[in-house]
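Below, chain A is the first sequence line, B the second, and so on; all start at residue 1.
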Number of protein chains: 2
Amino acid sequence: MSLRIAALGLLAEGPASGYDLLKHFEKSMANVWPATQSQLYSELNKLAAGGLIEVIAVGPRGRKEYQITADGRAELVRWVTSPQDDPPFRSAALLRVFLLGLIPTGEARSHLHHMAEHSEAEIRRLSELRDSLTCGRVFDSSDEDFFGLAALEYGLRLNAMQAQWARSVADQLEA
Amino acid sequence: MSLRIAALGLLAEGPASGYDLLKHFEKSMANVWPATQSQLYSELNKLAAGGLIEVIAVGPRGRKEYQITADGRAELVRWVTSPQDDPPFRSAALLRVFLLGLIPTGEARSHLHHMAEHSEAEIRRLSELRDSLTCGRVFDSSDEDFFGLAALEYGLRLNAMQAQWARSVADQLEA
DNA sequence: CAGGCCATGTAAGACGTTACATGATTTT
DNA sequence: AAAATCATGTAACGTCTTACATGGCCTG
């Protein structure tokens, strides 16, 4: 469901081919909903079969340019306003936390430090991504990627929280 | 993979039936890795077939009591120390944020307020869960559910962050 | 004309969701 | 005797991962 929506969402900004979408996708929504090339191409076929998008041109190398249809836009708005049927939150990293008692305390502490470092590296990666997207310009709520930047800000805060949490749990473990 | 580990992890604390596990599961790991009854039962069969757990008793109503094996413990430790092959982070809620530009600003702002309220409700739910688990006693790093409580603390911080973030994005939208 | 990029697709298998199916035992 | 709880399982369907397969176009 979600990948289908991601594809529709990208096409809502204008016509594109699967290949174009994939490129754009990796810099934006793939950060919150990763997907592979195979998956995206097959979703595009399903969307076209369902009439939510349509092929408006065929270029060199069999390139198919897709465009969102009115039905597609309707489906997109329906989904955006229906948060109740989202798939649930899942985190293997937190599941691991539950099981940290199975390894020696020193190793558990070390794992927590690694988690903190990983979050800090993510913060650097996301900061760079933000800089590459904004490239110095100012932006406000009418900006076309205002919400993409808001999602990015979420990622920054999430990782900051995670690093602090991991260090605080590690500290409790020392005692 | 992860559900299999969750089941093994619960069995590492002592023998139990699928039914027992399900009950315990819902109060602990299901918060970070939800699963259905069907899925848990079939994982137990697969684990038993693979020799990671074994049936040590059959009780009334066909109740099967499982116990973790040495191979099972080894697998558990292997997984706990291998964070590199975790499934990636996914959030439909954040994907929705990317698409909030598709609905009128007022509705988007209202959605963000709902997100904040949802997080605040989660904070209350998790606080109650914590109280029911600790029931007033003090705990330290030698406590058997120290790490479960650490995961719970993560949930509290995550939701606090989320509520603040949602309100801050909503505020930028006013301007 | 070789190498890199453009461009799309298939197939097998693991994992997850939903709904249904079945029946024994204990409690009221 | 009915209702609640205990207890396990099957089947269909959709999603995600991994690996593989294919070939056209453009640049040097």
Residue pair A:P88/A:D20 against DNA chain C: nearer the 5' end by closest nucleotide is A:D20
Does a side-chain N or O of A:Q39 approach OP1 or OP2 of D:dT15 to a distance below 4.0 Å, or not? no
Side-chain N or O of B:K23 closer than 4.0 Å to phosphate OP1/OP2 of D:dA7: no
Is [X] linked to [Y] within one hydrophobic cluster, defined over Ile, Leu, Val, Met, Phe, Trp and Tyr using a side-chain heavy-atom separation of less than 4.5 Å?
X: B:M161; Y: B:M115; result: yes
X: A:I53; Y: A:Y19; result: no
X: A:Y41; Y: A:M1; result: no

Which nucleotide in [options] has an atom nearest any side-chain atom of [X]:
X: B:T36; options: C:dG16, C:dT17, D:dT8; answer: C:dT17
X: A:R90; options: C:dG16, D:dT5, C:dC15; answer: C:dG16
X: A:K64; options: C:dG9, D:dT8, C:dG16; answer: C:dG9

Quick one: on DNA chain D, does B:Y66 or A:A35 contact a more 5' nucleotide (nearest heavy atom)? B:Y66
Determine the contact category for A:R4: base if any of its heavy atoms lies under 4.0 Å from a base atom, sugar-phosphate if only primed atoms, P, OP1 or OP2 are that close, otherwise nothing. nothing
Within this structure, what is the [atom1]-to-[atom2] distance between [X] and [N], rounded to whole angstrom?
X: B:D86; N: C:dC15; atom1: CG; atom2: C1'; answer: 15 Å
X: B:Y41; N: C:dG23; atom1: OH; atom2: C1'; answer: 13 Å
X: B:L40; N: D:dT10; atom1: CG; atom2: C1'; answer: 16 Å
X: A:Y19; N: D:dG24; atom1: OH; atom2: P; answer: 17 Å
X: B:I5; N: C:dA14; atom1: CD1; atom2: C1'; answer: 15 Å
X: B:F25; N: D:dA7; atom1: CZ; atom2: P; answer: 18 Å
X: A:L3; N: D:dC16; atom1: CG; atom2: C1'; answer: 10 Å
X: B:M29; N: C:dG16; atom1: CE; atom2: P; answer: 15 Å

I'd like to check B:L129 versus B:S132 (side-chain heavy atoms, cut-off strictly below 4.5 Å). Are they in contact? yes
Can you tell if the side chain of A:V169 reaches within under 4.5 Å of the side chain of A:L100, non-hydrogen atoms only? no
B:L8 pairs by side chain to side chain contact (heavy atoms under 4.5 Å, CB included) with which of B:L52, B:T69, B:L3, B:L44? B:L52
Is B:E128 salt-bridged to B:R125, going by a charged N under 4.0 Å from an acidic O? no
Any carboxylate oxygen within less than 4.0 angstrom of a Lys/Arg side-chain nitrogen, looking at B:R157 and B:E153? yes
Which parts of residues 42-63 of chain B get close to DNA chain D, meaning a heavy atom less than 4.0 angstrom away? B:N45, B:R61, B:G62, B:R63
Sorted by first residue and then second, give each salt bridge (charged side-chain N to carboxylate O under 4.0 Å, His left out) pair with at least one member in residues 62-73 of chain B; sequence neighbours left out. B:D20-B:R63, B:R63-B:E65
Answer yes if the side chains of B:Y154 and A:Q162 hold a donor-acceptor pair under 3.5 Å, and no otherwise. yes
Would you list the protein and nucleotides 19-22 of chain D atom pairs, both N or O, that sit under 3.5 Å from each other?
{"from": "D:dA19", "atom 1": "N6", "to": "A:S38", "atom 2": "OG", "distance (Å)": "2.7"}

